[in-house]
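All chains are named by letter (A, B, ...) in the order of the sequence lines, taking the proteins before the strands, and each is independently numbered beginning at 1. Predicted model, so just to flag it, every value in this text is computed and none were measured.
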Amino acid sequence: MHTSQYMLSTLKETPAHAEVISHQLMLRAGLVRNVASGLYTWLPTGLKVLRKVENIVREEMEKAGAIETLMPMVQPADLWQESGRWDDYGPELLRLNDRHKRPFVLGPTHEEVITKLVSNEINSYKQLPLTLFQVQTKFRDEIRPRFGVMRGREFLMKDAYSFHLTDECLKKTYQVMFDAYCRIFERLGLDYRPVIADNGSIGGEGSHEFHVLAKSGEDAIAFSDESDYAANIEKAEALAPKGTRPEATQALTEATNLTEIDAKQTVKTHLVVGADEAGEANGLIALVVRGDHTLNEVKAENLAQIASPLTLATDEQINDALGCNAASVGPFGLDIPVIVDRSAAHLANFTCGANKTDIHFTGANWDRDCQNYTIADIRNVVAGDPSPCGKGKIEIKRGIEVGHIFQLGDKYAQAMKCSVLTESGKNQILTMGCYGIGVSRIVAAAIEQNHDEYGIRWPKAIAPFQAAIVPMNMAKSARVKETAERLYQQLTQAGIEVLFDDRKERPGVMFADHELIGTPVLLVVGERNLDNQEIEVKDRISGEKSLIAIDKVLELFN
RNA sequence: CGGUGAUUAGCGCAGCUUGGUAGCGCACUUGGUUUGGGUCCAAGGGGUCGCAAGUUCGAAUCUUGCAUCACCGACCA
């Protein structure tokens, strides 16, 4: 490709509204352009990267035995009504009507369509197990799209779905997919970690997220400093403190002016909306964590007594129920259920709200001052906590979620009546797994992890071009022009993707552009080295320059 | 959805306080110059000043409403 016949679209200045580095570089390097909030056009260079990621994902999925399909992005509402998600999915699900006023959705995911398909097409246990996948554009009407393509509304995703007769078979495929995911991220050249994850609203048991580690990551991940344990902080268990609780030695005393208390010797009490046996919102529940800890909303929401989604009581509700302000809520003397975090439950002689505005208790003790409570793990782990795996301490790093695999179970198969005849001739509902990879998000994540002050430093496997030829003063030197063109022909014929910079620009401009775009190898052709039949090779990652004989250039790409 | 801020040439911004012929840098076009790290000189092209209404002889500038975009929060496979 010659730059004169290409669309580079590089920018010298950083567009004002791009916040994170990957977004800035994707705009500056000419990979994407914003069309509307959360919607992007992929420019030629960006699309090359996107396709490379997509192809690696596709190849590994096929190696793992998955079969490619393509489902529509627009899906009829009745499929979503059948699964129940028409009501469960919030405004993130974009709903629209066609000209006949029939309701449709823009697919944020494809469980309904695939389950319906398999339900119709697969009739016998002999056809199982089956794993299907697609690479398709998804649409989620995010409340607040941000970080460029990292959290856009429209994005490219690989989603795979597996169908099984037994959970045992599902677990086997889950492991195959797990391994395939590891190979994918290794081939992409990214520093990644699989982490234990919460299943979220999608349901089911057994789930891992794959994270690309980067400081700007949106998710916090808890690692053990001594083992392979890694979990999303939403899921990482906070163990109960060891040993027995200290003795109650102080008397319960009301205090008005509290100064200089160690947060570790206090508890804070959140009131949230509870749930009745049918799971409907009903009444309030008190959640107690130690003053220096934070409530883990996912753990709390997963408790049966608590309404989903987790809803904090309003100041008004608190005032109606207790007659005090939110800051003075405490666990004692409440006629609503009290759930106490393990660490908070281990305190003695602590300080807490007294359920009277601006009044607190000191010298508070469980059992003596409050009998009706239950203990649960409801806080976020913090750095230094013992690892739940039993080895080492927790360290917290940030990651970008680029993959997520689930053992779904029969939630969708049940709803969509997806069953086959077994060997004994009986109808049996299938059990499912689902496996997603954010293809477009990987492009942004790769940049977050691989850039410097000059621009992007692509891992070789996904660089838009393998090399760029930069001729020095080609307009004046016929020899440079000839050599560069010959080199270009040679490399191109060998199947190497080379960008030939034939713009009439000064060298500095060309160097800066190619470093911004992140091409791994620059081949600099200049008068200076031609007498020796050599050209200069500059490595984008190491920054090292070296001379190489022109007829040996091909060997660089073996 | 709440809080904050922005909207002037393709991009980055000034002008607005104190109303009076719309500017700067980059990019773009043409000519020259330069040529191993974002040259220099000259001449050009490009604007419903987000939209609408109001005040005024006159509005980018003042007033009101609306829209869009972004940041923080809430939200979130």
Side-chain angles (χ1 to χ4, degrees), chain A residues 8-20 23-24 27-28 30 33-39 85 88-93 107-111 138 140-148 150-153 155 157-159 195 197-204 207-211 218-219 232 234-235 297-298 301 308-312 314 400-408 434-438 441 453-455 470-477 480 501 503-516 522-530 535-536 538 543 545 547:
Chain A
L8 269 186
S9 296
T10 53
L11 301 174
K12 201 185 271 189
E13 288 181 275
T14 303
H17 291 308
E19 201 65 19
V20 295
H23 189 197
Q24 293 174 359
L27 293 168
R28 288 225 293 134
R33 285 292 181 264
N34 184 257
V35 175
S37 180
L39 303 175
R85 288 208 289 185
D88 295 348
Y89 228 99
E92 217 178 288
L93 181 64
T109 173
H110 282 74
E111 278 86 4
K138 308 286 189 197
R140 290 181 198 169
D141 200 358
E142 294 278 352
I143 292 174
R144 189 180 149 205
R146 61 186 122 173
F147 307 145
M150 196 104 86
R151 183 175 285 276
R153 290 195 289 179
F155 54 97
M157 182 169 174
K158 184 284 299 175
D159 49 329
V195 309
D198 186 77
N199 281 31
S201 58
I202 207 158
S207 165
H208 285 85
E209 289 169 358
F210 286 76
H211 283 260
E218 282 194 275
D219 291 305
N232 191 303
E234 291 172 350
K235 184 79 173 180
E297 300 191 359
V298 172
E301 190 175 306
S308 178
L310 187 84
T311 316
L312 285 172
T314 60
I400 300 163
E401 183 189 348
V402 289
H404 201 158
I405 58 178
F406 292 92
Q407 294 174 40
L408 261 188
C434 95
Y435 318 90
I437 285 187
R441 183 181 275 188
E453 57 186 304
Y454 303 110
V470 185
M472 293 293 116
N473 202 9
M474 188 169 73
K476 285 270 169 68
S477 167
V480 166
D501 202 334
R503 289 177 297 173
K504 215 182 152 191
E505 284 289 355
R506 294 175 58 82
V509 174
M510 296 196 273
F511 286 131
D513 269 347
H514 294 294
E515 276 157 12
L516 177 60
L522 285 193
L523 304 171
V524 185
V525 182
E527 275 292 336
R528 207 184 268 179
N529 303 307
L530 278 188
I535 62 162
E536 184 182 297
K538 183 167 180 187
K545 298 179 192 172
L547 292 174

Which nucleotide in the list [options] gets nearest to the side chain of [X]?
| X | options | value |
| --- | --- | --- |
| E111(A) | A77(B), G38(B), G36(B) | A77(B) |
| R140(A) | C72(B), C11(B), A77(B) | A77(B) |
| A16(A) | G12(B), G38(B), G73(B) | G12(B) |
| R146(A) | A27(B), C75(B), G36(B) | C75(B) |

When the distance from [atom1] of [X] to [atom2] of [N] is rounded to whole Å, what number comes out?
| X | N | atom1 | atom2 | value |
| --- | --- | --- | --- | --- |
| R151(A) | A70(B) | CZ | P | 14 Å |
| K504(A) | U33(B) | NZ | C1' | 10 Å |
| E505(A) | C28(B) | CD | C1' | 12 Å |
| H23(A) | C11(B) | NE2 | P | 13 Å |
| R528(A) | U35(B) | CZ | C1' | 11 Å |
| K538(A) | G37(B) | NZ | C1' | 8 Å |
| L8(A) | C28(B) | CG | P | 12 Å |
| L27(A) | C69(B) | CG | P | 16 Å |

Donor-acceptor contact below 3.5 Å, side chain E209(A) vs main chain G403(A):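 Such a contact is absent between E209(A) side chain and G403(A) backbone.
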
Reckon [X] touches a base, only the sugar-phosphate, or nothing at all at heavy-atom distances under 4.0 Å?
| X | value |
| --- | --- |
| D141(A) | nothing |
| E92(A) | sugar-phosphate |
| E297(A) | sugar-phosphate |
| E536(A) | base |
| I143(A) | base |
| E515(A) | base |
| V470(A) | nothing |

Between R85(A) and E111(A), is there a salt bridge with N-O shorter than 4.0 Å?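 Looking at E111(A) and R85(A), the cut-off is met.
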
Using the [atom1] atom on both, measure [N] against [M] and round to a whole Å.
| N | M | atom1 | answer |
| --- | --- | --- | --- |
| G25(B) | G15(B) | C1' | 15 Å |
| G5(B) | U64(B) | P | 15 Å |
| G23(B) | U48(B) | P | 15 Å |
| A27(B) | C11(B) | C1' | 7 Å |
| G50(B) | G10(B) | P | 13 Å |
| C62(B) | C49(B) | P | 15 Å |
| U8(B) | C72(B) | C1' | 27 Å |
| C40(B) | U33(B) | C1' | 7 Å |

May I ask which nucleotide in the shown strands pairs with [N], Watson-Crick or G-U wobble, both distances under 3.5 Å?
| N | answer |
| --- | --- |
| A77(B) | none |
| G5(B) | C69(B) |
| U17(B) | none |

RNA chain B: 5'-proximal contact among N473(A) and H17(A) (nearest heavy atom):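 Between the two, 5'-proximity favours N473(A).
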
Please compare Y89(A) and P507(A) by the position of their nearest nucleotide in RNA chain B and report the one closer to 5'.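 By nearest-heavy-atom nucleotide position, the 5'-most residue is P507(A).
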
Looking at [X], I'd like to know whether one of its side-chain N or O atoms comes within less than 4.0 Å of OP1 or OP2 on [N].
| X | N | answer |
| --- | --- | --- |
| K476(A) | U35(B) | no |
| S37(A) | A70(B) | yes |
| R506(A) | U35(B) | no |

Could you walk me through whether E527(A) and K476(A) pass the salt bridge (Lys or Arg N to Asp or Glu O under 4.0 Å) test, one step at a time? CA-CA 10 Å; E527(A) 275 292 336; K476(A) 285 270 169 68; over 6 Å; no

Name of the residue among V524(A), L547(A), I535(A) meeting side-chain contact (heavy atoms from CB on, under 4.5 Å) with N529(A):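 In the set V524(A), L547(A), I535(A), the residue that makes a side-chain contact (heavy atoms from CB on, under 4.5 Å) with N529(A) is L547(A).
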
Passing candidate, side-chain contact (heavy atoms from CB on, under 4.5 Å) with V470(A), options E536(A), K538(A), H514(A):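 Among E536(A), K538(A), H514(A), the one that satisfies the side-chain contact (heavy atoms from CB on, under 4.5 Å) with V470(A) is H514(A).
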
